[in-house]
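Proteins come first, then strands; the chains are lettered A, B, ... in the order of their sequence lines, and each starts at number 1.
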Amino acid sequence: AQSVAQPEDQVNVAEGNPLTVKCTYSVSGNPYLFWYVQYPNRGLQFLLKYITGDNLVKGSYGFEAEFNKSQTSFHLKKPSALVSDSALYFCAVRDGSYGKLTFGQGTILTVHP
Amino acid sequence: GAGVSQSPSNKVTEKGKDVELRCDPISGHTALYWYRQRLGQGLEFLIYFQGNSAPDKSGLPSDRFSAERTGESVSTLTIQRTQQEDSAVYLCASSKQSNTEAFFGQGTRLTVV
């Protein structure tokens, strides 16, 4: 069975500092990995994905994520955080090219001015 | 429409009543997903449709829950004999193919009183 873990319920960072939101996964086949962001009272928005190719993928709003097969991780990063990045972030995985998406429990990111 | 559309946006129902939630996916998207998000929690997978294949119903929590999809068009999620624990936001998403990112609707907020 596929699964995702986001070990931190909350991440706090000062504006201008780099941020990392952690995600680890478990699949039996090839992982298809995704990050989504949810702002208050709004739906989920797609940020970026890893399917194949370069381990470092870039996405919307200056976010990037690094796929690490040996550590089964897909951490979300941004070099310089903005207060407007404060939101709930979800990591998701699909085992191979077909089937359901499984989401982590989410990490609340708070960026302080 | 340009995005995934869900209706109604809010639904208040009495315990024991049946409710039907609707999802209109993005045109041309073959995959469709339903998730449940309880207050302050992550996304709980309910059901996944992919084209004309048999749906993955493994996430439906009880036989009170069912979902239908007509071809690659609209989907309805039905909850019979609603209970208070069914109160949540029900999210629908669609993707062009099963191996691409999913786009989410704004959700239906269901309150069972």
Side-chain angles (χ1 to χ4, degrees), chain A residues 1-10 21 23 25 27 29-53 57-60 63 65 74 76 87-109, chain B residues 1-7 9-10 23-26 29-60 67 69 75 88-109:
Chain A
Q2 60 195 48
S3 65
V4 177
Q6 293 181 240
E8 302 156 316
D9 291 336
Q10 294 192 39
V21 183
C23 171
Y25 66 90
V27 296
N30 292 321
Y32 285 53
L33 294 155
F34 305 84
W35 275 101
Y36 287 83
V37 60
Q38 186 176 37
Y39 297 100
N41 299 316
R42 294 175 64 177
L44 272 76
Q45 298 178 30
F46 167 74
L47 278 180
L48 51 79
K49 66 182 177 185
Y50 172 83
I51 303 297
T52 186
V57 294
K58 296 186 182 297
S60 307
F63 283 94
F74 189 56
L76 182 70
L88 179 58
Y89 290 80
F90 289 100
C91 182
V93 69
R94 177 186 290 122
D95 191 347
S97 62
Y98 178 88
K100 67 184 181 184
L101 272 173
T102 297
F103 284 80
Q105 287 301 300
T107 298
I108 299 171
L109 172 67
Chain B
V4 177
S5 178
Q6 292 187 246
S7 60
S9 55
N10 282 282
C23 173
D24 284 277
I26 295 172
H29 280 197
T30 62
L32 187 145
Y33 315 75
W34 282 99
Y35 290 86
R36 177 168 69 180
Q37 186 176 27
R38 291 197 169 106
L39 187 63
Q41 298 188 22
L43 274 71
E44 177 186 0
F45 168 74
L46 297 176
I47 189 168
Y48 162 73
F49 296 91
Q50 172 59 53
N52 294 319
S53 301
D56 178 353
K57 303 181 180 181
S58 61
L60 294 178
R69 187 182 186 194
S75 175
V89 175
Y90 289 82
L91 293 166
C92 176
S94 70
S95 62
K96 191 170 186 179
Q97 300 171 38
S98 60
N99 63 348
T100 58
E101 62 270 26
F103 294 89
F104 281 80
Q106 294 297 304
T108 293
R109 183 176 299 277

Restricting to non-hydrogen atoms, name the atom on B:Gln37 and the atom on A:Leu88 that form the minimum distance, rounded to 0.1 Å. NE2-CD2, 4.3 Å
Using modelled atom types only, decide if a donor and an acceptor are shared between the side chain of A:Tyr32 and the backbone of B:Glu101 within a distance under 3.5 Å. no
A:Phe46 ring center near B:Phe104 ring center (under 6.0 Å): no
Do the side chains of B:Tyr35 and A:Leu101 get nearer than 4.5 Å, heavy atoms only? yes
Is it true that atom CZ of A:Arg42 has more than 12 heavy atoms of other residues, nucleotides or ligands lying nearer than 6.0 Å? no
Ignoring hydrogens, what is the shortest heavy-atom contact between B:Ser58 and A:Lys100? Give both atom names and the distance. OG-NZ, 3.7 Å
Is any side-chain heavy atom of A:Phe90 closer than 4.5 Å to a side-chain heavy atom of B:Leu43? yes
Under the salt bridge (charged side-chain N to carboxylate O under 4.0 Å, His left out) test, which residues partner B:Asp56, sequence neighbours left out? none
How about B:Asn10: does its CG atom have over 12 heavy atoms from other parts shown lying under 6.0 Å from it? yes
Tell me, side chain or backbone of A:Gln38 under 4.5 Å from chain B's heavy atoms, or both, or neither? side chain
For B:Gln6, is it the side chain, the backbone, both or neither that has a heavy atom under 4.5 Å from a heavy atom of chain A? neither
